[in-house]
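We count ligands from 1, going down the list as the structure has it; atoms in each ligand are counted the same way. Just so you know, these numbers come straight off a predicted model, no measurement behind them.
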Amino acid sequence: MLFVVVFATIFTTSRGYDNGSGSALPIMGWNSWCTDDYCGLLDLCFEEEIHEIADAMVSSGMVEKGYRLLELDDCWSDTKRDANNNLQADPARFPSGIPALVEYVESRGLILGLYTSAGDKTCKYNRPGSQGFFDVDARWFAANGVKLVKADNCGVSGGEQEVFTNFSHYLNATGVPIIFSTCEWGNAEVWKWGASIAQMFRINQDHLPFWTFNLTNGGQGSKEIIEVMSNPDIGGSTVRFGYADPDFLMTGISSMTQTESETEFALWAMFGGPMIVATDVRNMSDWKKSVLLNTDIIAVSQDALVQPGRRVKGAANGPQVWAKRLDNGDQAVAFYNAGDVDTIDISVSWDEIGFPAGCNVTARDLWAHSPVSGSLVGGGVAKNVLPHGNKMWRVTLAN
Ligand code: GLA
């Protein structure tokens with residue numbers, strides 16, 4: 001018990017910037033980006049489709065499980081500002097306008113998030129960016145009931161800390177609590193200052209809908225992003241109200257298999273960042289539901305202690321063990337096989353996750369939703385972890 005108290009004291013002291021927008025836990029939701037395979041070309045972003053998504057988030061059980069954000073990415077706005085210099089919705093896509101959309105999604109228990117860029121244009125199709133209009137746009141978002149603003153980096157030519165701090169200032173000056181989501185791709189070591197101005201801050205290039213992909217400038221697969229997460233400076237930068245953001249979950253999109261999507265979901269939950277799904281959630285397959293609606297793993301993501309998980313064992317291409325401290329003194333442990341070929345067993349000693357050496361524990365398998373059997377004195381072995389796959393346990397110290 002003393003152990004629990006000591007950890008709770010040491011690790012709950014740092015906090016991010018609570019602007020009253022309800023970000024005490026990592027936000028969960030849905031975003032329109034990459035809802036096709038090509039990210040931006042045919043994404044779901046017409047009024048009728050968005051209504052269907054909101055409805056599906058309710059009927060599938062997503063809203064009940066905590067997915068409460070519905071966010072439109074670089075797709076919703078017109079290519080020109082209106083006569084008063086305000087942003088406006090693309091009339092062909094959203095003929096009823098943004099306030100009506102807010103009303104619709106809020107009637108379904110969701111909040112609406114919208115995208116802009118902190119530069120002079122957005123990243124696709126040169127829609128207007130917010131540069132030079134931070135005050136105008138902040139007031140427009142606030143007046144229209146938008147509860148999250150994602151600010152991209154296209155058209156920003158350096159000086160990100162100052163630019164995004166400035167935008168944050170204008171959003172907060174509206175007096176309306178709005179979640180600020182920065183998307184400056186991890187430039188300017190955002191993990192050192194992001195949590196002081198934003199409720200979530202992107203730490204990396206775009207997550208492309210692939211397991212592995214390493215485009216130096218432009219995109220990464222799940223595997224490469226997990227490596228970014230393993231950097232202790234970046235991983236450790238999440239605090240309550242300020243979450244390091246590894247980008248969207250690409251569950252089942254493009255070539256992402258069930259095994260890979262499970263690992264992505266498990267590691268994102270361990271990392272403790274936002275859990276925002278970019279996939280069509282209408283008519284989800286059973287396996288997609290089994291991933292996105294996994295209550296045991298969602299509980300790890302949404303744990304009240306808000307401790308980022310960390311890699312405690314292993315390296316880039318091999319077996320790895322990740323651990324995350326939880327509010328009741330338990331730890332979540334993910335056994336991850338980053339290899340491409342062999343199915344392997346992965347072991348851990350409890351002292352490697354910070355429990356006393358030689359201790360006994362009980363464990364629950366968070367994918368099988370059942371107790372882990374066999375001896376767990378001193379450590380545990382996750383059997384038959386598939387290539388790109390994971391096992392995830394919740395480990396409780398035995399009395
Ligand atoms: C950038 C961002 C993505 C997405 C697109 C939209 O690439 O990093 O998350 O918003 O722009 O064009």
Numbering as shown, the atoms of ligand 1 that approach C183 to under 4.0 Å (heavy-atom distance): 2 (C), 8 (O)
Those atoms of ligand 1 less than 4.0 Å from some heavy atom in W33: 3 (C), 4 (C), 5 (C), 6 (C), 12 (O)
Proximity of D152 to ligand 1 by residue part, where a heavy atom lies under 4.0 Å: side chain
Enumerate donor-acceptor pairs with a distance under 3.5 Å from any side-chain N or O in residues 156-167 to protein atoms, sequence neighbours excluded.
| from | atom 1 | to | atom 2 | distance (Å) |
| --- | --- | --- | --- | --- |
| E160 | OE2 | N153 | ND2 | 3.2 |
| E160 | OE2 | N187 | ND2 | 3.1 |
| T165 | OG1 | Q161 | O | 2.5 |

Donor-acceptor side-chain pairing of W185 and D152 below 3.5 angstrom: yes
Heavy-atom proximity to atom 7 (O) of ligand 1, best of N204, D247, D206: D206
Nearest protein heavy atom with distance in Å, relative to atom 10 (O) of ligand 1: D73 OD1, 2.5 Å
Close-contact set for ligand 1 against W185 heavy atoms, below 4.0 Å: 2 (C), 8 (O)
Pair D43 + K124: basic N to acidic O under 4.0 Å: no
Ligand 1 atoms in contact with K124 (distance to a heavy atom under 4.0 Å): 12 (O)
Atoms of ligand 1 close to R202 [distance to a heavy atom under 4.0 angstrom, numbered from 1]: 8 (O), 9 (O)
Proximal atoms of ligand 1 relative to K150 (non-hydrogen, under 4.0 Å): 3 (C), 4 (C), 9 (O), 10 (O)
Identity and separation of the nearest protein heavy atom to atom 12 (O) of ligand 1: D74 OD2, 2.9 Å
S181-Q199 side chain donor-acceptor pair, cut-off 3.5 Å: no
T122 and D74: side chain donor to acceptor below 3.5 Å: yes
Salt bridge (charged side-chain N to carboxylate O under 4.0 Å, His left out) assessment of E227 paired with R311: CA-CA 10 Å; E227 279 311 295; R311 183 157 75 194; 2.7 Å; yes
Ionic contact status for D78 with R127, cut-off 4.0 Å: no
